[in-house]
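All chains are named by letter (A, B, ...) in the order of the sequence lines, taking the proteins before the strands, and each is independently numbered beginning at 1.
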Amino acid sequence: MTSLSPTADRNPFAAALERLPFLPALLILVVLVVLNGWFEPNSLSYRAITGLVSTYLALMMLAIAQTYVVMAGDIDLSVGATLSLVNVVVIVLMERWGGGGGMVLLACFVGILTGLACGLINGLVVAALRLQAIVATFATSIFFTGVALYVLPVAGTPAPAAFWRTYGGRILEIPFVFWVVAALALLLVLLVRTRLTLQLLAVGDDAQGAFQSGLPVAAIRIKGYVLCGLFAALAALCITGDTASGDPLVGGKMTLYSVAAVVLGGSALSGGKGTVVGSLVGALIIGLINSLVFFVGTPSEWQNLVQGLAILIALMAGVFVGRRVGQ
Amino acid sequence: MTELLIRGARKAYGATLALRRGDFDLKGGEVHVLIGSNGSGKSTLCKIVAGSVKPDAGEVVLNGAPVTIAGPQASRALGIGIFYQELSLAARRTVAENILLPELPATGGLFVNRRELDERAARYIAEFADVAGDGFSADTPVLNLRADQRQLVEIMKALASEAPILIFDEPTSALDRAQVDRFFEILKRLKGEGRAIVFISHRMDEIFAIGDRVTVIRDGETVATSNIAETDPSTVIRQMVGDQGELVAAAAAPAAAPGEARIALQVDRLGGQGFTEISFRVARGEILGFGGLHGQGQSSVLRALFGAASHDAGSVTLDGKPYKAASPRDAIAHGVAYVSGDRSRDGVVQGRPILENVTPIHFLRNRIGLVRPSALKDKADGPLKALKTKFQTIDHPINSLSGGNQQKIVIARWLIDRPDVLLLDDPTKGIDLQAKSDLFALIRQLAAEGMGIVLYSSEDAELLANADRILVFNSGSVTRELRGDERTRYNLYHAAYEAA
Ligand SMILES: Nc1ncnc2c1ncn2[C@@H]1O[C@H](COP(=O)(O)OP(=O)(O)OP(=O)(O)O)[C@@H](O)[C@H]1O
Ligand SMILES: [Mg+2]
């Protein structure tokens, strides 16, 4: 029972890694940026980076969403479906209410409420009814997709110009998406300092211990899901801006990408260990891999295969660096 | 003045009755010791008061008013703080965060107030600053701490509740002398402030050093409460043991005293992680028992002998020849067998047929590569029959069997090719009475056929009934050997509870 292994002199890298588990991911990101620049010098231009960010901002948001449930040892397989639902709700409302500025904002607001509601449903199903997170959210994902298909049966309704022009445009000469990134950074800095983040991580570490300590474990997990719903809704607004149309199935493929981004970012799916910064980096890694696959001129029929291999390699590299440094 | 009464608390987990009838009263300004052997229900009683276990029956009266404790939060709100034996720490959070986890100071109810968190945590850390040892600071993740340091964090967490009622369930089991002394100073101060304190420990000297009253619990029932000043260790042990304490165990001692030539296993001054200076001999035909409180090094010694853990001092001879197992594979090749009660970790190959679970040792010892299944089935059949194993067909997966029958399979695999030495590491964990008695009949028979057997059991009754000699372990060394008529429950407890 008593382990007397001394832990005093640990190497400084290991300590840094403990605090900033996303360091290996950051390393991989740098390598990818260099590779991208090597194969396509233009990819490092201001324009290209703006494009990259506006395309992958949705995935970044979705990875953040996933992080808040993974922290507590849960998972949400319905983030993609939530995103789709919010996307079609916003598109349909904007079409009904006309494309005026105020109406667009109101539609976005309703979209966010929709995301929160999806999160709340997931939270109740998982934490209050105590169903297995992975199965329960798989079920709700089918349900949310069903609702999305009811709201907008076929893809295609375009977003009003006011919406996508803003998303793709500039404010004070700075692309709108960069303003979003800055606001996001501020929001994340605030969220990191909340009591909820710490409680989510404590629950993920040892749910039984947290319960015995007197933490309201169910309420904490529900809040994690609600936060997840919020960011999934924000992701939906980004994708609506990027694609400028409604698609009831747009998010389906993104769910597991968000999980992959979270893991690439150094979070543990078993909970207790996770940073939103890591997940952001993870999402960018996936984005850069996709563009790299394109830049090296992979024939289209091979793109999926190469992309999958590259993600696997990135995952292994992350684990390898983590182990090496952690010793 | 605080006063807590518990009347007739009862809790069953399925068929196990963890707590039969818990009666306990606690007053402000006292340290009330709760003592009882492993599994007697102490932790269960504490958890009921802390709200983390719901009792099946019984009532709790706080300051004259009956209360229902709905959960850990409710318990805290009633002014009860607890140290959990198995700890309740978040491994990746820092010391400071863990200390205040139940009530994180927050600005606007939203953001963690780091300044206040650090200040408040520092107060409790300061109490133990000079005894906590290296690498202990407010911002160390609990993951990086030693076992004793983790226990200190859990103590600080309990203290930080600043509750009028404090429960400490074995807070000192990993602490060193200086840490215990500091903890006791704090307890005395809290007692002076009028707090009511429950203290659990298996160390008799600690109990008499800090306690004001002592309640003894035996088989889930609180049997006596006395003032410390009016009792003594022998009386307490007698109360823990009950009526049958003086009965001599029934195990048949080997017919003749084992001669030098018949020694199967001889261990000289073995030392390693969790044990030191262990010396003993096992004769062929003998069952040597390992006893004492849980986790005093018994399993570690057995695992070291089987090559599953390393040892760094001492020597072992097997049938007169030097023996050092580098790995379990090595041990098996030398004819040493090991059966653990932890079937899922050490024993069965989950999801695979019974046949495959019976035969791996046969493969290993005979270096067989390919076999005809039918030949193998014949070989497996005998041992399974001998053990009265109940199964549908030998091709059914092992998971289809009850725990007791799974354990029989694990033992059967050693019987196709007989080992010389059989190490049993708490082999009957979670198996029923019938299976147990079958198992021990078989073990006795194996001994009679010339095997040397070492048996560690966490159940004292089982040990007394089946071992010819008993070595009592305490803090990693053997403190007493019980032979012949000395093998009584009283003597066993006495040796186990002696100050190390
Ligand atoms: N969650 C559980 N599920 C099943 N059985 C349990 C559970 N908790 C405790 N038990 C059983 O209840 C009995 C009493 O356990 P308890 O933990 O209260 O003993 P204890 O007196 O604290 O022992 P120790 O000195 O070893 O800590 C034991 O037989 C134990 O195996
Ligand atoms: Mg206990």
Side-chain angles (χ1 to χ4, degrees), chain A residues 1-12 14-21 70-73 187-220 223 227 266-268 270-275 326, chain B residues 47 50-53 71-77 81-82 84 86-93 97-98 101-107 109-114 117 133-136 139-149 151 157 161 173-176 273-274 294-297 300 475-476:
Chain A
M1 199 178 115
T2 321
S3 97
L4 293 172
S5 60
T7 49
D9 330 298
R10 298 158 43 83
N11 79 45
L17 193 65
E18 215 155 64
R19 252 154 227 279
L20 313 168
V70 167
M71 278 180 181
L187 181 61
L188 293 182
V189 166
L190 288 178
L191 275 168
V192 165
R193 288 157 202 265
T194 56
R195 187 164 58 169
L196 179 62
T197 301
L198 217 162
Q199 288 175 328
L200 283 168
L201 288 166
V203 168
D205 241 333
D206 178 3
Q208 172 75 0
F211 167 73
Q212 292 192 335
S213 304
L215 291 188
V217 173
I220 291 168
K223 285 183 202 164
L227 212 48
S267 300
S270 53
K273 179 180 165 198
T275 56
Chain B
K47 285 181 183 169
S52 47
V53 161
Q73 254 180 317
S75 171
R76 273 186 89 88
I82 181 167
Y84 286 102
E86 70 278 20
L87 310 186
S88 62
L89 304 175
R92 296 195 189 85
R93 300 292 98 216
E97 286 166 351
N98 267 289
L101 191 60
E103 284 148 26
L104 288 169
T107 5
L110 205 57
F111 299 103
V112 179
N113 184 339
R114 286 281 159 183
L117 178 92
D134 293 341
F136 190 95
D139 55 0
T140 317
V142 163
L143 194 72
N144 295 344
L145 297 178
R146 298 188 310 246
D148 58 318
Q149 295 174 322
Q151 233 166 19
K157 187 174 171 183
S161 71
S173 59
L175 302 189
D176 68 25
Q273 178 97 42
H294 292 174
Q296 303 296 309
S300 312
S475 305

(Q) Counting only non-hydrogen atoms closer than 4.5 Å, does B:A50 touch chain A with its backbone (N, CA, C, O), its side chain (CB onward), both, or neither? (A) neither

Q) Can you find a pair of side-chain heavy atoms, one from A:L201 and one from B:R93, that are under 4.5 Å apart? A) yes

Q | Interface moiety of B:Q296 toward chain A, non-hydrogen atoms closer than 4.5 Å | A | neither

Q: Hey, could you give me each pair passing salt bridge (charged side-chain N to carboxylate O under 4.0 Å, His left out) that has a residue in residues 187-203 of chain A? Not counting sequence neighbours.
A: none

Q: Heavy atoms only, distances under 4.5 angstrom: which of A:V192, A:T194, A:D206, A:D205 has the most pairs with chain B? Name it, please.
A: A:D205

Q: Indicate the atoms forming the closest heavy-atom contact of B:P72 with A:F211, along with that distance.
A: CG-O, 3.1 Å

**Q.** B:P141 versus chain A, the contacting section by heavy-atom distance below 4.5 Å
**A.** side chain

Q. Once you round to the nearest 0.5 Å, how far does CG of A:L198 lie from CG of B:L101?
A. 7.0 Å

(Q) Given heavy-atom pairs under 4.5 angstrom as the criterion, report whether the side chain, backbone, both or neither of B:L89 touches chain A. (A) backbone

Q.
With rounding to the nearest 0.5 angstrom, report the CG to CZ distance, A:L191 to B:F111.
A. 7.5 Å

Q: Enter the distance from B:L104:CG to A:L215:CG here, rounded to the nearest 0.5 Å.
A: 7.5 Å

Q | Part of B:R92 within contact of chain A (heavy atom distance under 4.5 Å) | A | both

